[in-house]
*Asks:* 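There's a structure below that I have some questions on.
One-based numbering, in listed order, for ligands and for the atoms of each.
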Amino acid sequence: MRIEKDGKSICVAKIGDEVFAVDDICTHSDASLSEGDITDFKIECWLHGAEFDLRTGQALTLPAVQALETYAVKIDGNSVTVEI
Ligand code: FES
């Protein structure tokens, strides 16, 4: 899902019991990653197919070469806090 805070768009993804938060905007161009597909710990940009590691933000495939910023996540029961 995408959340907006202080002018930032953040993509938040739950995989099993873990939650990850990265910049929502693809580093290749202006596409929302929260609309992409997730496989294992990778999210694929829907526009040109670049893949990013949700754990590190690292760009795994072209055409993206720049990593996403990642954000710390705290889970407290059913509540999730993203530290921006
Ligand atoms: S905008 Fe994401 S790969 Fe091009």
Side-chain angles (χ1 to χ4, degrees):
M1 66 179 296
R2 179 177 58 220
I3 61 171
E4 306 278 342
K5 176 70 173 169
D6 297 335
K8 281 186 167 281
S9 295
I10 310 295
C11 174
V12 180
K14 183 176 185 297
I15 302 171
D17 293 335
E18 297 182 90
V19 178
F20 301 92
V22 298
D23 275 337
D24 185 57
I25 303 302
C26 180
T27 59
H28 176 240
S29 189
D30 189 20
S32 173
L33 290 173
S34 59
E35 297 174 36
D37 292 325
I38 294 175
T39 305
D40 297 325
F41 291 98
K42 296 182 290 188
I43 190 164
E44 179 180 354
C45 179
W46 61 272
L47 190 53
H48 304 117
E51 293 180 330
F52 298 88
D53 189 318
L54 286 164
R55 299 167 292 189
T56 64
Q58 181 180 4
L60 301 173
T61 60
L62 295 172
V65 294
Q66 186 178 349
L68 299 166
E69 188 165 348
T70 60
Y71 302 92
V73 173
K74 288 184 181 174
I75 302 172
D76 183 13
N78 290 331
S79 176
V80 174
T81 302
V82 177
E83 297 181 6
I84 300 176

*Asks:* Distance under 4.0 Å to a non-hydrogen atom of Ala50: what atoms of ligand 1 satisfy this?
*Replies:* 3 (S)
*Asks:* So, Asp24 side chain and Ser34 main chain: donor-acceptor pair closer than 3.5 Å or not?
*Replies:* yes
*Asks:* Should you measure from each heavy atom of Leu47, which atoms of ligand 1 turn up under 4.0 Å away?
*Replies:* 1 (S)
*Asks:* Is the distance between atom 4 (Fe) of ligand 1 and the nearest N/O/S atom of His28 smaller than 2.8 Å?
*Replies:* yes
*Asks:* So, 2.8 Å as the limit: is an N/O/S atom of Cys45 located closer than that to atom 4 (Fe) of ligand 1?
*Replies:* no
*Asks:* Are a donor atom and an acceptor atom from the side chains of Lys8 and Tyr71 found within less than 3.5 Å of each other?
*Replies:* yes
*Asks:* Check each of Thr70, Val22, Leu68 against Leu54 using the side-chain contact (heavy atoms from CB on, under 4.5 Å) test, and report the only one that passes.
*Replies:* Val22
*Asks:* Please find the N/O/S atom of His48 nearest to atom 4 (Fe) of ligand 1 and write down its name.
*Replies:* ND1
*Asks:* Working to the nearest 0.5 angstrom, can you tell me the gap between Leu60 CG and Phe41 CZ?
*Replies:* 13.0 Å
*Asks:* Heavy atom under 4.0 Å from ligand 1: found in Ser29's side chain, backbone, both, or neither?
*Replies:* both
*Asks:* Would you mind listing the cluster partners of Leu62? Hydrophobic ones only (ILVMFWY), side-chain contacts under 4.5 Å, chaining allowed.
*Replies:* Val65
*Asks:* Does ligand 1 have a heavy atom under 4.0 Å from the side chain of Pro63, from its backbone, from both, or from neither?
*Replies:* side chain
*Asks:* Please confirm whether the backbone N or O of Lys42 pairs with a side-chain atom of Asp40, one donor and one acceptor, at under 3.5 Å?
*Replies:* no
